[in-house]
Colleague: 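Pasting in a structure now, in structure tokens, and then I'll have a few things to ask.
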Amino acid sequence: MTMLKGKTVIVTGAAGGIGRAIAEEAGHAGARLALVDSDATRLEQTAMEIRANGVAVLSLVVDMTDRLLWQESIDDIATEFGSIDVMVNNAMWVKYEPIAEVQEDVYRRQMAIGLDAVYWGVQAVTPHMIAQGSGSIVNMTSPASVHGIPNGSVYAAIKGAISALTRQCAVELGQKGIRVNAVAPGPMPTPGTMSVVDEQGWEKRLATSPLGRLSTPEGVAKVVVFLASDAADCVNGDVLFADGGRSISKM
Ligand SMILES: NC(=O)c1ccc[n+]([C@@H]2O[C@H](COP(=O)([O-])OP(=O)(O)OC[C@H]3O[C@@H](n4cnc5c(N)ncnc54)[C@H](O)[C@@H]3O)[C@@H](O)[C@H]2O)c1
């Protein structure tokens, strides 16, 4: 595959789950990768395994909730690779609980990585993309941006904001040659979701899937690479639901 040949692609939250699959797929599509995560051990493992396939990989252990460190890291990536063509904002930390039980530290931790880090990341990456007259940003949102999920109030608020931010950025940055889109994956087991969804929860999600199966990191990664690539050069401000039709189903 050559959809991202010669492009520099940042993937946040790349140490595991969907982020790792996106990194693998983008590498397979010919990209040079800047992989960002706060989990040093898992990130190094991922970087090592992708490098073994001949892909150029820069790994950056960054707590993206540290705004200055995160923004400086983006400049470092531009210096190292000479350009930034694609940014995939994927990193997240989630905790599901009833609104009445949400403590401020848990609320702020989710907001800090789910929304603030995306905002400041976009702010830092756009000057590089504007300078080269092109770029593609893909944000990970969720079906929770358009319908309620059990005990997911903070998560839903974040993902609603990410979808709105995607549309805003698409309008504001489109004239600079930067496309901004989002992907809303259906539910699937990842390190993150395994910590908040129990067996009964997975059974329920499976039973309400029109395709009779859950989404997969690999399937979502293909959608992200498509949106990031020039194959989607007329797509801007879209939220693509990669959820097998679950969110438009009454099952
Ligand atoms: N898995 C699903 O079912 C699902 C469904 C819809 C949307 N999504 C979205 O897709 C994205 C990926 O989901 P996932 O399930 O693979 O997530 P995950 O929790 O398995 O992985 C998230 C990654 O982000 C990293 N991270 C967390 N806090 C960080 C910080 N402060 N700085 C840097 N890195 C940090 C973690 O170390 C981890 O590697 C998320 O945005 C999520 O909301 C997932």
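Throughout, numbering of the chain's residues begins at 1 and tracks the sequence. Reckoned from all heavy atoms, side chains included, excluding hydrogens, waters and symmetry mates. Numbering of ligands and ligand atoms starts at 1, following listing order.
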Colleague: Say whether Ala117 and ligand 1 are in contact under the criterion: heavy-atom distance to a ligand atom below 4.0 Å.
Modeller: no

Colleague: Does a sphere of radius 6.0 Å around CZ in Arg108 hold more than 12 heavy atoms from other residues, nucleotides or ligands, not counting ones at 6.0 Å or beyond?
Modeller: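 Counting other residues, nucleotides and ligands, CZ of Arg108 stays at 12 neighbours or fewer.
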
Colleague: Would you mind listing which atoms of ligand 1 come within a distance below 4.0 Å of any non-hydrogen atom of Thr65?
Modeller: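 Answer for ligand 1: 31 (N).
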
Colleague: For ligand 1, which atoms sit closer than 4.0 Å to a heavy atom of Asn90?
Modeller: 10 (O), 11 (C), 12 (C), 40 (C), 41 (O)

Colleague: As a test of the contact definition, would atom 19 (O) of ligand 1 count as having a protein heavy-atom neighbour under 4.0 Å?
Modeller: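 Under 4.0 Å from atom 19 (O) of ligand 1, at least one protein heavy atom found.
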
Colleague: Does ligand 1 have any atom that is closer than 4.0 Å to a heavy atom of Val36?
Modeller: no

Colleague: Report yes or no: does a heavy atom of Arg42 sit under 4.0 Å from some atom of ligand 1?
Modeller: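 Yes.
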
Colleague: Quick one: does Lys159 get a heavy atom under 4.0 Å from ligand 1?
Modeller: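 Flag set, Lys159 near ligand 1.
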
Colleague: Is Asp39 salt-bridged to Arg42, cutoff N-O under 4.0 Å?
Modeller: yes

Colleague: Quick test of your reading of the structure: of Asp243, Ile149, Val220, Ile113, whose heavy atom lies closest to atom 30 (C) of ligand 1?
Modeller: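 The option holding the nearest heavy atom is Ile113.
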
Colleague: Would you indicate which of Gly17, Ala91, Ser38 comes nearest to atom 29 (C) of ligand 1 when only heavy atoms are counted?
Modeller: Ser38

Colleague: Record the part of Val94 in heavy-atom contact with ligand 1 below 4.0 Å; permitted values are side chain, backbone, both and neither.
Modeller: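 Neither part.
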
Colleague: Does at least one non-hydrogen atom of Trp70 fall below 4.0 angstrom from an atom of ligand 1?
Modeller: no

